[in-house]
Amino acid sequence: MSAKSTKRKVAILGGGPSGLFMFKRLVESGLKNLEIEIFERKAHLGSGMPYSPEGAEIEHITNVSDNEIPVIFNSIEDWIKIAPKETLEKFDIDSAKFNEYKVLPRLFFGEYLSAQFELLIKQAESKSIVTKVHLNTTITDVVDNRKIKKVSVQINEKEELLFDEIIICIGHNWPKKYEGKIPNYFDSPYPPKKLASRCNYPIALKGSSLTAVDAIRTLARNNGSFTHKADGTYSFKLDAKSDKFKIMMHSRNGLLPAIRFHLEDSHLGKDSTLSKTQIQKTIKENGGFISLDFVFEKNFKDQFKEKEPKFYERIKDMNLETFVNAMMDYREKLPPFDLFKKEYAEAEKSIEKRESIYWKEVLAVLSFAMNYPAKYLPAEDMQRLQKVLMPLISIVIAFVPQSSCRDLMALHDAGVLDIVSVGDDSTVEPDPKGGATYHYEDENGKQIAKSYKMFVDCVGQPHLSFEDFPFPGLIDNGTISPARLQFKDVKKGKEAFDEKNKLVEKDSKGGYSLRVPGITINDYFQVIDENGNANDRIYILAVPYIGGYNPDYSGIDFSEAASEQVIKKLTA
Ligand SMILES: Cc1cc2nc3c(=O)[nH]c(=O)nc-3n(C[C@H](O)[C@H](O)[C@H](O)COP(=O)(O)OP(=O)(O)OC[C@H]3O[C@@H](n4cnc5c(N)ncnc54)[C@H](O)[C@@H]3O)c2cc1C
């Protein structure tokens with residue numbers, strides 16, 4: 001056999017942040033005879049969706065700072081010492097004044113990620129790892145060939161290449177339902193360029209989290225201007241031509257997201273959560289399940305015993321439901337923008353003193369720590385997780401950076417930004433002439449139907465279903481399967497089934513399961529086939545397609561942690 005044919009060929013499909021972390025892991029793996037091919041739809045590597053013009057304009061910022069980003073090749077602080085001058089000038093970055101605790105313009109972060117890719121490619125070269133980069137190349141299908149133990153990857157609907165292993169890192173996908181068919185109806189605010197126009201009318205946003213903040217930053221700057229005065233005040237003034245411009249956010253509970261505070265180290269606490277060995281032991285002892293209450297006790301409440309005994313006293317007798325209710329009650333007591341201002345002051349103090357707000361940090365850790373056990377939760381606990389914990393996590397985990405907070409407060413003070421609570425049953429009716437009508441019940445039980453000339457759906461990346469999977473070859477051959485969770489309590493499963501819950505299925509052994517979004521994966525992010533077998537050749541790190549078994553979208557954190565699991569298996 002020639003030396004060439006003994007090469008282990010690994011393909012990374014998608015060259016965004018997850019592809020970058022995967023590449024780093026491979027380069028550092030020590031694997032011999034490696035040949036890596038990277039396929040990227042766009043003309044450059046690294047920036048992916050959020051850090052390129054597909055997801056950002058100059059006004060958009062990251063929600064993490066250098067000190068929270070795992071080192072890829074070098075830190076941002078080190079990289080800016082060698083970064084092109086034009087790049088630093090373009091983003092007004094002064095290397096002498098760089099502060100590792102500050103968030104960054106997303107497009108600048110994208111440039112950093114691209115540069116990291118280039119540096120890693122050089123490192124690979126020095127280790128005799130062959131790297132082939134295919135830019136402007138879209139993967140259109142993937143087929144697993146069990147007989148020859150290779151994966152066939154189709155490029156631009158034509159050429160097919162064979163690999164020993166592939167890692168799917170194709171990332172974000174924002175399906176369009178009405179956008180393009182209905183004027184001024186947007187299924188997402190991305191790319192934000194499409195919102196950069198004069199809008200002399202009220203606009204409805206669905207959602208109030210970071211995705212809404214992205215839309216607000218772009219819309220506001222195209223219809224008015226912000227002024228920073230010497231006395232420290234920050235205000236917004238509408239352009240004369242936009243005097244009817246107004247943004248109304250619609251959210252289920254009328255709450256604004258939490259504000260970024262000082263985070264010493266985003267990994268803080270992650271090591272003190274349950275280890276995989278402990279989790280596996282519990283699963284074995286509990287008939288293949290881990291309970292949400294157990295994870296809540298061990299990964300959340302127990303963390304406060306030593307570090308925050310006062311907070312522990314307050315919550316020690318609470319279960320998940322009572323804890324979430326207490327937190328929500330506290331937040332709901334004040335009008336949303338008053339609470340926002342109060343939390344802003346609290347966060348400023350935390351930043352000034354460089355002290356974290358511990359319980360918020362631990363909640364973020366809990367959300368992260370839910371990922372691994374999620375696929376072992378009984379279906380009834382997953383329903384509780386989705387219904388009870390996720391609404392709180394989505395508020396507390398989406399930390400709004402300070403400069404975005406100042407924008408929101410200035411816009412609210414100028415009377416052009418507000419939020420309304422629409423409950424769980426609101427609907428949005430697209431208007432064929434443009435925009436949409438929002439239907440909901442107000443706090444007094446009155447039915448409201450309000451029309452807007454523009455509507456932007458800002459709920460964030462949707463969890464995509466099995467049927468949305470972009471590579472039909474993997475569906476048709478049964479290489480991938482829909483993610484399901486078994487009901488532990490058969491009675492509860494039967495009840496849900498009898499209530500005609502479309503997501504509940506009955507199996508041949510009389511058990512019941514709940515369909516959760518996306519495809520089935522194991523702990524190593526390998527795809528699982530219809531018969532429950534893990535595939536040794538195909539791995540997936542694209543979060544929209546694995547949302548059921550991996551319910552938390554921690555971005556850069558996720559890319560780092562998940563790529564570590566993949567490399568463990570590849571090097572085993
Ligand atoms: C608006 C927004 C802002 C965010 N901000 C932050 C933040 O500040 N901090 C943080 O930690 N996380 C943030 N996130 C989370 C985010 O998920 C990750 O940071 C990151 O984008 C995940 O990288 P990825 O490579 O998995 O996906 P993506 O960034 O989507 O990258 C996927 C790559 O694959 C390519 N691709 C897709 N399909 C194909 C195909 N068929 N063939 C070839 N190539 C393909 C795409 O062109 C892209 O380059 C943000 C997310 C969004 C949506």
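Here the structure is a predicted model, which is why all the values come from computation and not from measurement.
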Inset, instruction - Considering non-hydrogen atoms only, spot the tightest contact between Thr62 and Val103 and give its length. - result: O-CB, 3.3 Å

Legend entry - Check ion pair Glu564-Lys24 (N to O, under 4.0 angstrom): no

Inset, instruction - Indicate whether the side chain of Ser29 and that of Thr571 have a donor and an acceptor atom separated by less than 3.5 Å. - result: no

Inset, instruction - Tell me yes or no: between the side chains of Glu77 and Asn67, is some donor less than 3.5 Å from an acceptor? - result: no

Legend entry - Test side chain to side chain contact (heavy atoms under 4.5 Å, CB included) applied to Ser188 and Asp457, step by step: CA-CA 5 Å; Ser188 83; Asp457 192 329; 5.9 Å; no

Legend entry - Proximity of Phe186 and Phe455 rings by center, below 6.0 Å: no

Inset, instruction - Output all residues satisfying side-chain hydrogen bond (donor to acceptor under 3.5 Å, both in side chains) with Asp164, sequence neighbours left out; order by chain, then residue number. - result: Lys150

Inset, instruction - Tell me, yes or no, whether the heavy-atom count around Asp94 atom CG, taken from other residues, nucleotides or ligands under 6.0 Å, exceeds 12. - result: yes

Legend entry - Residue Lys32 excluded, over 12 heavy atoms near NZ under 6.0 Å: no

Inset, instruction - Flag yes if more than 12 heavy atoms outside Arg537 fall under 6.0 Å of its CZ atom; otherwise flag no. - result: yes

Inset, instruction - Report yes or no: do Asn477 and Asp144 form a side-chain donor-acceptor pair below 3.5 Å? - result: no

Inset, instruction - Report yes or no: do Glu37 and His134 form a side-chain donor-acceptor pair below 3.5 Å? - result: yes

Legend entry - Test applied, ring-ring contact (aromatic ring centres under 6.0 Å, His included); reference residue, Trp79; option that passes from Phe109, Phe73, Phe108: Phe108

Legend entry - Asp507-Gln486 side chain donor-acceptor pair, cut-off 3.5 Å: yes

Inset, instruction - Determine, for Arg515 against Glu467, whether the closest basic-nitrogen to carboxylate-oxygen distance falls under 4.0 angstrom. - result: yes

Legend entry - Donor-acceptor side-chain pairing of Asp214 and Tyr190 below 3.5 angstrom: yes

Inset, instruction - Could you tell me whether the side chains of Glu100 and Ser65 share a donor-acceptor contact shorter than 3.5 Å? - result: no

Legend entry - Over 12 non-hydrogen atoms of neighbours within 6.0 angstrom of CZ in Phe98: yes

Legend entry - Within 45° cone and under 6.0 Å: Lys276 NZ/CZ vs Tyr372 ring: yes

Inset, instruction - State plainly whether the residues Lys206 and Asp187 are in salt-bridge range, i.e. N to O under 4.0 Å. - result: no

Legend entry - Flag if over 12 foreign heavy atoms under 6.0 Å of CZ, Phe91: yes

Inset, instruction - For the pair Arg8 and Glu165, find out whether any cationic side-chain nitrogen is under 4.0 Å from an anionic carboxylate oxygen. - result: yes

Inset, instruction - Could you tell me how the ring of Phe469 sits relative to the ring of Tyr545: parallel (under 30°), tilted (30 to 60°) or perpendicular (over 60°)? - result: perpendicular

Legend entry - Whether over 12 other heavy atoms sit under 6.0 Å from Lys149 NZ: no

Legend entry - Under-4.0 Å salt bridge between Arg221 and Glu57: no

Inset, instruction - Taking only Lys NZ, Arg NE, NH1 and NH2, and the carboxylate oxygens of Asp or Glu, determine whether Lys90 and Glu86 approach each other closer than 4.0 Å. - result: no

Inset, instruction - Establish, from distance only, whether the side-chain atoms of Arg217 and Ser404 form a donor-acceptor pair under 3.5 Å. - result: yes

Inset, instruction - Using only heavy-atom distances, determine whether the side chains of His250 and Ser208 contain a donor-acceptor pair under 3.5 Å. - result: no

Inset, instruction - Inspect the surroundings of NZ in Lys177 and state if more than 12 heavy atoms from other residues, nucleotides or ligands are less than 6.0 Å away. - result: no

